[in-house]
2 protein chains.
Amino acid sequence: MQEHEKLFKQYLEKKGLKLTSPRRFILEAAFNLHEHFNAEELYVSIKAITSGISLATVYRTIPLLMEAGLVQHAVRSDGRERYEHIYGHPKHIHWLCRKCGALTETDLSTLSPAIEVQAKGMQFCAEEIELSIRGLCWKCKSIDNENQIDER
Amino acid sequence: MQEHEKLFKQYLEKKGLKLTSPRRFILEAAFNLHEHFNAEELYVSIKAITSGISLATVYRTIPLLMEAGLVQHAVRSDGRERYEHIYGHPKHIHWLCRKCGALTETDLSTLSPAIEVQAKGMQFCAEEIELSIRGLCWKCKSIDNENQIDER
DNA sequence: ATATTAATGCAACTGATTCTCATAATTAGG
DNA sequence: CCTAATTATGAGAATCAGTTGCATTAATAT
Ligand SMILES: [Mn+2]
Ligand SMILES: [Mn+2]
Ligand SMILES: [Zn+2]
Ligand SMILES: [Zn+2]
């Protein structure tokens, strides 16, 4: 059994919940997707492997995965919630271009200490850190500049 | 005319849009609310002042305020988008307790330089920085601890 | 004034998420 | 094994934040 499955089982047991076959499939699918996903994309990726798991169950399982610390919110886009598996992945910053939608990730570790200092100061137990930066990627920025030049 | 109204007008003109009376009311309402708000709360606060402005127009105006750099996303909660006016306010971190919903804000300026270094490195033009931390506030954390002790 | 264009209110619509409920799987005891 | 108690599930209906179409109105330029 993989480490994340073990942790999920452990979390579920602590809550008096059961590690069922649908939940196992959903967990595996979340860890097989290596980009951000929304509930439906997760559902589709499961359908490719097995059938008879409903979208409702996917929706019901995502919060469990999050509470278990295995999955986290990613940058919202197109007005839908997006997620990513996190167990075994370092925290990172999300840079989202509002024009072309390009998503880049960079390391958050240089910033973490400063955040932890603040957390300690206010005795806050941080479970999810989300640093998302929206703006223009270098490509879209340069297109923007060209346009401004054209408009002169 | 207040500074933020001037900026809004300026932005609208640049886009060939008009500073209408509903837009003015919505802008003012956004700057009179000093906590985070969602579209409907903004709408309600306007209704208290004047009538005949529709919720649809509020929804249509919020993106304009955001593009004009006057309003920004705040931490999402209860599955709704939330906003806050930002013109004249320093950037800050949002700490949201998942148990009691308490929201605390702290200064982001100690972290900004490190973010700017990364932005410069990737030539990304950052327009909106959102740092939200979810977890347990000190109160809820201590209640949690008590429970664990009880359960022994 | 008049013409042109953008903005609005209203109501209908959309679509992601949640909920209901009848059925099925899981687990603990005996 | 069997049985009872509990939790989980699929299917589809319901919800409800947010969007859109459209007929009317307001803003602006000439
Ligand atoms: Mn990511
Ligand atoms: Mn704030
Ligand atoms: Zn881009
Ligand atoms: Zn709390």
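Letters A, B, ... are given to chains in the order of the sequence lines, protein chains preceding strands, and every chain is numbered from 1.
- Atom CZ of Phe25(A) is separated from atom P of dG10(D) by 11 Å (rounded to the nearest Å).
- No donor-acceptor pair closer than 3.5 Å links the side chain of His4(B) to the backbone N or O of Gln2(B).
- Rounded to whole Å, atom C1' of dT8(C) lies 13 Å from atom CG of Leu64(B).
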N/O donor to acceptor pairs below 3.5 angstrom from side-chain atoms of residues 58-70 of chain A, sequence neighbours left out:
from: Thr61(A); atom 1: OG1; to: Thr57(A); atom 2: O; distance (Å): 2.7
from: Glu67(A); atom 1: OE1; to: Tyr11(A); atom 2: OH; distance (Å): 2.4

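- Interface residues of residues 74-87 of chain B facing DNA chain D, ordered by number: Arg80(B), Glu81(B); criterion, heavy-atom separation under 4.0 Å.
- Legend: residues meeting side-chain contact (heavy atoms from CB on, under 4.5 Å) with Lys47(B), ordered by chain and number and at least two apart, are Tyr43(B).
- Panel note: side chain Asp78(A), backbone Arg80(A); no donor-acceptor pair is recorded below 3.5 Å.
- For the segment residues 41-54 of chain B, the set of residues with a heavy atom within less than 4.0 Å of an atom of DNA chain C comprises Gly52(B), Ile53(B), Ser54(B), in numerical order.
- Overall, the helix from dA1(C)-dT30(D) to dG30(C)-dC1(D) carries an axis bend of 40° between its ends, with five pairs at each end and the value rounded to 10°.
- Between the CZ atom of Phe37(A) and the C1' atom of dT17(C) there is a distance of 16 Å, rounded to whole Å.
- Taking a 4.5 Å side-chain heavy-atom cut-off between Ile, Leu, Val, Met, Phe, Trp and Tyr, the cluster of Leu96(B) extends to Val75(B), Leu103(B).
- One can place CD of Glu40(B) at 11 Å from C1' of dG18(D), the figure rounded to the nearest angstrom.
- Side-chain heavy-atom separations under 4.5 angstrom define the hydrophobic clusters, and the remaining members of the one that includes Leu108(B) are Ile93(A), Trp95(A), Leu108(A), Leu111(A), Ile115(A), Met122(A), Phe124(A), Ile129(A), Leu131(A), Ile133(A), Ile93(B), Trp95(B), Leu111(B), Ile115(B), Met122(B), Phe124(B), Ile129(B), Leu131(B), Ile133(B).
- dT7(D) atom C1' lies 15 Å from atom OH of Tyr11(A), rounded to whole Å.
- Rounded to an integer number of Å, the gap from NZ of Lys15(A) to P of dT27(C) is 19 Å.
- Counting only residues at least two apart or in different chains, side-chain hydrogen bond (donor to acceptor under 3.5 Å, both in side chains) contacts with residues 112-124 of chain B comprise Thr106(A)-Gln118(B).
- Remark: Glu130(B) engages no residue in a salt bridge (Lys or Arg N to Asp or Glu O under 4.0 Å) (not counting sequence neighbours).
- Interatomic distance, NZ of Lys6(B) versus NZ of Lys9(B), reported as 11.0 Å (0.5 Å rounding).
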Mark up nucleotides 19-30 of chain D, 5' to 3', with B wherever a protein heavy atom is under 4.0 angstrom from a base atom, S wherever such an atom reaches only the sugar-phosphate, and - elsewhere. BBB-----B---
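- Taking 4.0 Å as the cut-off between side-chain N and carboxylate O, Glu128(A) and Arg98(B) do not count as a salt-bridged pair.
- Between the C1' atom of dA7(C) and the CD atom of Glu13(B) lies a distance of 16 Å, rounded to the nearest Å.
- The backbone N or O of Gln10(A) sits nowhere less than 3.5 Å from a side-chain atom of Glu13(A) that would complete a donor-acceptor pair.
- Annotation: salt bridge (Lys or Arg N to Asp or Glu O under 4.0 Å) contacts of Lys91(A) (sequence neighbours excluded): none.
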Report all side-chain donor-acceptor pairs from residues 21-37 of chain A shorter than 3.5 Å, counting only partners two or more places apart or in another chain.
from: Arg23(A); atom 1: NH1; to: Lys18(A); atom 2: O; distance (Å): 2.7
from: Arg24(A); atom 1: NH1; to: Glu5(A); atom 2: OE2; distance (Å): 3.1
from: Asn32(A); atom 1: ND2; to: Glu28(A); atom 2: O; distance (Å): 3.3
from: His36(A); atom 1: NE2; to: Glu84(A); atom 2: OE1; distance (Å): 3.0
from: His36(A); atom 1: NE2; to: His94(A); atom 2: NE2; distance (Å): 3.1
from: His36(A); atom 1: NE2; to: Glu105(A); atom 2: OE2; distance (Å): 2.9

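- Between His73(A) atom NE2 and dT17(C) atom C1' there is a gap of 12 Å when expressed in whole angstrom units.
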